[in-house]
Protein chains: 2
Amino acid sequence: MARAATTSDAFNAIAEPQRREILALLRGGERPVTELARDLGMSQPQASKHLRVLREVGLVRVRGAGKQRLYGLDARGLRPVHEWVGGFEAFWNGTFDRLDAYVQDLKQDKAGESTDDDDR
Amino acid sequence: MARAATTSDAFNAIAEPQRREILALLRGGERPVTELARDLGMSQPQASKHLRVLREVGLVRVRGAGKQRLYGLDARGLRPVHEWVGGFEAFWNGTFDRLDAYVQDLKQDKAGESTDDDDR
DNA sequence: ACATCATATGCCTATATAGGCATGCATTGC
DNA sequence: GCAATGCATGCCTATATAGGCATATGATGT
């Protein structure tokens, strides 16, 4: 099987750096495709394709403004991502540093190998 | 070109649901591959492969404990992700609701087209 | 040294992505 | 209606992923 579709998830959608850049740019307000493409140094088709992905996962919205199509941010879909990742905050904070705990173990292991069944 | 490597980024690494589950499980402490595989209903080789990706992006660490290899969480790499996504918090909060703002514009645009150069 | 248990790798397949390019489609203005 | 502008799509390629399966590699105990 291949990787999950980029459109399956906000997680997958934002895995692509350029899409992240697009989203970042859109914080400044709505923009037409061409402008995004120019500012990010990508081709118009590429921008359109990335925007399509972002639209399919609901991170972006379009509205036609005459000849143009203005893309706007809809960040609500990022909330679950933020929450999921936030669930690990304690672990990089040092507050609940599981890492330290086992870096200790690591050092002890240098001396005598322990079975460490207590950590399972 | 293909998608960026899963190992290129924490963003890419966590795009895969099973890898997210692994990370979540590891919050409970270190675990050997087999156990992870069993608990998540995946094959041992698959677990090993996912763990390899997680290890390559630094989200996970291994330490040999006799015959076993205990995998432990190293969430520090998730911090940048959290921060990036957090940069959008104002936009799903309603605090700085760009979406509302432009729904307003939408209505106004019905009447008179504005050049919007102020928003660039 | 050997059998055993725990993991890592290799190989094969199906899928689809990002990107380049050309072109279709839509809206506007003349 | 027609030309022009703004975007979306289609087509082609290279790449590599997730997963299944078999097997190599590693460490342990006897």
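Note on naming: letters A, B, ... go to the chains in the order of the sequence lines (proteins, then strands), and numbering restarts at 1 for each one. Since the structure is predicted, the reported quantities are computational estimates derived from the model, not experimental observations.
Residue A:Leu36 contributes atom CG, which lies 14 Å from atom P of D:dG6 at whole-angstrom precision. Atom CG of B:Leu70 and atom P of D:dA27 are 14 Å apart (whole Å). The distance from atom CD of A:Glu35 to atom P of D:dT5 is 17 Å, rounded to the nearest whole Å. The CG-P distance, from A:Leu54 to D:dA8, rounds to 12 Å in whole Å. Separating the CD atom of A:Glu16 from the P atom of C:dT17 is a distance of 12 Å, rounded to the nearest angstrom. Distance B:Arg63 CZ to D:dA27 P: 16 Å, rounded to the nearest Å. Following rounding to the nearest Å, B:Leu40 (CG) and D:dG19 (P) show an atom-to-atom distance of 11 Å. A straight line from CZ of B:Arg19 to P of D:dT17 spans 9 Å, rounded to a whole angstrom.
Counting only heavy atoms from C-beta outward, the side chains of B:Arg19 and B:Thr6 approach each other to under 4.5 Å. Considering only heavy atoms from C-beta on, B:Leu59 comes within 4.5 Å of B:Ile14 through its side chain. Residues A:His82 and B:Val81 fail the side-chain proximity criterion, which asks for heavy atoms closer than 4.5 Å.
Electrostatic pairing of B:Arg63 and B:Glu30 counts as a salt bridge here, judged by a charged N lying under 4.0 Å from a carboxylate O. Residues A:Arg20 and A:Glu16 are not paired through a salt bridge, judged by the lack of any N-O separation under 4.0 Å between the basic side chain and the carboxylate. Comment: B:Glu89 does not engage A:Arg79 in a salt bridge, judged by the lack of any side-chain N to carboxylate O separation of less than 4.0 angstrom.
Closest heavy-atom contact between A:Ala47 and A:Ile22: O-CD1, 4.5 Å.
The side chain of A:Gln18 has C:dG19 as its nearest neighbour among D:dA8, C:dG19, C:dA8. Listed nucleotides: C:dA8, D:dG19, D:dA8. Nearest to the side chain of B:His50: D:dG19.
Relative to the six-membered ring of B:Tyr71, B:Arg55 misses at least one condition, a distance below 6.0 Å or an angle of at most 45° to the axis.
Mapping A:Arg52 and A:Ala4 onto DNA chain D by nearest heavy atom places A:Arg52 closer to the 5' end of the strand.
At least one side-chain nitrogen or oxygen of B:Tyr71 sits closer than 4.0 Å to the OP1 or OP2 atom of C:dA8.
Residues B:Phe88 and A:Val53 fall into different hydrophobic clusters, defined by Ile, Leu, Val, Met, Phe, Trp and Tyr side chains chained together at heavy-atom separations under 4.5 Å.
At a threshold of 4.0 angstrom between heavy atoms, the contacts of B:Arg55 with the nucleic acid are absent.
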Please write out the pairs of protein N or O atoms and N or O atoms of nucleotides 12-16 of chain D separated by less than 3.5 Å, giving the distance to one decimal.
none

So which protein nitrogen or oxygen atoms get under 3.5 Å of nucleotides 20-25 of chain C's nitrogens or oxygens?
| from | atom 1 | to | atom 2 | distance (Å) |
| --- | --- | --- | --- | --- |
| C:dG20 | O6 | A:Lys49 | NZ | 2.5 |

